[in-house]
Amino acid sequence: MRSVLTRKLVVLLLALLGALVALAATRGVWVSGTVTDVAGATPAEATGGEAAPGLAGVALVGAAAAVAALTSGRIGRVVSALALLGVLVVVVVLVVRVLLDPAAVLGSVAGGRSGTTATLPAEASVTAWPWVAVASVVPFALAALGVLLAGGRWSALGADSSGGRSATVAGGSGTGAPRSDWDRLSEGEDPTT
């Protein structure tokens, strides 16, 4: 399991899976019930995007952190792993907020829809969608673990693959600054030879 978890592609796919699950959860109805306004008690519901604003953005941050982990150096990978861990903490906080007081969330969403900033009195219950959002933290956590376990062995994007023997600037003297494989390719040289 550890060898699978430390592959770059697996880490990327896990983070993308977490992001997709969280994004899908924003589309579902998280809270349903009744809201009391001037017309009396009316049925109302709130989607994940309304009940947990910011969840979609956090999911995209998780996907971006995985891409950054695969393409950056060691320090960037540590920062990316911390960002992935931060994503799962924020997802849990957003969901727990809804689970603890669904009536307040529904009342706030209904108040916003009516054009006021007030929270309307509401009676509400939670659907299964917040739990789907919580499930997204599992792939994010596994991706972060994979980055932390193998990130030190991965090479950064454009890193020299010749075992540390970088090519030097043209001139043949060997005293120029090292060039990355990307620079060599941009100049028309094949870095694989």
Side-chain angles (χ1 to χ4, degrees), residues 1 5 10-72 76-149 151:
M1 170 78 174
L5 192 59
V10 172
V11 168
L12 179 63
L13 291 177
L14 283 169
L16 290 177
L17 175 63
L20 287 174
V21 169
L23 288 171
T26 65
R27 306 289 294 165
V29 174
W30 282 31
V31 180
S32 62
T34 57
V35 175
T36 305
D37 56 8
V38 292
T42 57
E45 59 186 27
T47 65
E50 296 168 321
L55 182 60
V58 170
L60 295 176
V61 167
V67 171
L70 302 181
T71 58
S72 63
R77 281 190 286 276
V78 171
V79 171
S80 297
L82 292 175
L84 284 167
L85 292 173
V87 163
L88 64 97
V89 168
V90 171
V91 168
V92 169
V93 167
L94 289 172
V95 171
V96 166
R97 178 185 153 267
V98 173
L99 294 175
L100 290 178
D101 197 358
V105 170
L106 185 61
S108 176
V109 169
R113 287 181 186 160
S114 68
T116 67
T117 58
T119 300
L120 299 176
E123 292 181 19
S125 62
V126 178
T127 67
W129 281 105
W131 298 107
V132 172
V134 168
S136 73
V137 303
V138 173
F140 281 132
L142 290 173
L145 181 62
V147 171
L148 290 173
L149 289 175

Option among Leu55, Val109, Leu106 that satisfies the side chain to side chain contact (heavy atoms under 4.5 Å, CB included) test with Trp30: Leu55

Closest contact, heavy atoms only, Ala122 versus Val35: CB-CG2, 4.1 Å

Heavy-atom check, side chain of Val91 versus side chain of Val134, under 4.5 Å: no

Residue pair Pro102 / Ser125, side-chain heavy-atom distance below 4.5 Å: no

Thr119 side chain vs Ala104 backbone, donor-acceptor pair below 3.5 Å: no

Minimum heavy-atom distance between Ala15 and Leu84, given as atom pair plus value: CB-CD2, 4.5 Å

Distance in Å, Thr71 OG1 paired with Arg77 CZ, rounded so as to fall on 0.5 Å steps: 9.0 Å

Nearest heavy atoms of Pro53 and Arg97, plus distance in Å: CD-NH1, 4.5 Å

Rounded distance (nearest 0.5 Å) linking atom CG of Leu60 with atom CG of Leu23: 5.5 Å

Result of checking Leu88, Leu85, Val89, Val95 against Val137 for side chain to side chain contact (heavy atoms under 4.5 Å, CB included): Leu88

Ser136 versus Gly18, closest heavy-atom pair with distance: CB-O, 3.4 Å

Qualifying residue for side chain to side chain contact (heavy atoms under 4.5 Å, CB included) with Leu99, from Val31, Val105, Leu94, Val126: Val126

Whether Arg27 side chain and Gly48 backbone form a donor-acceptor pair below 3.5 Å: no

Contact summary for Ser32 and Thr127, nearest pair of heavy atoms: OG-CG2, 4.4 Å

Nearest non-hydrogen partners of Glu45 and Glu50, listed with the distance: O-OE1, 4.1 Å

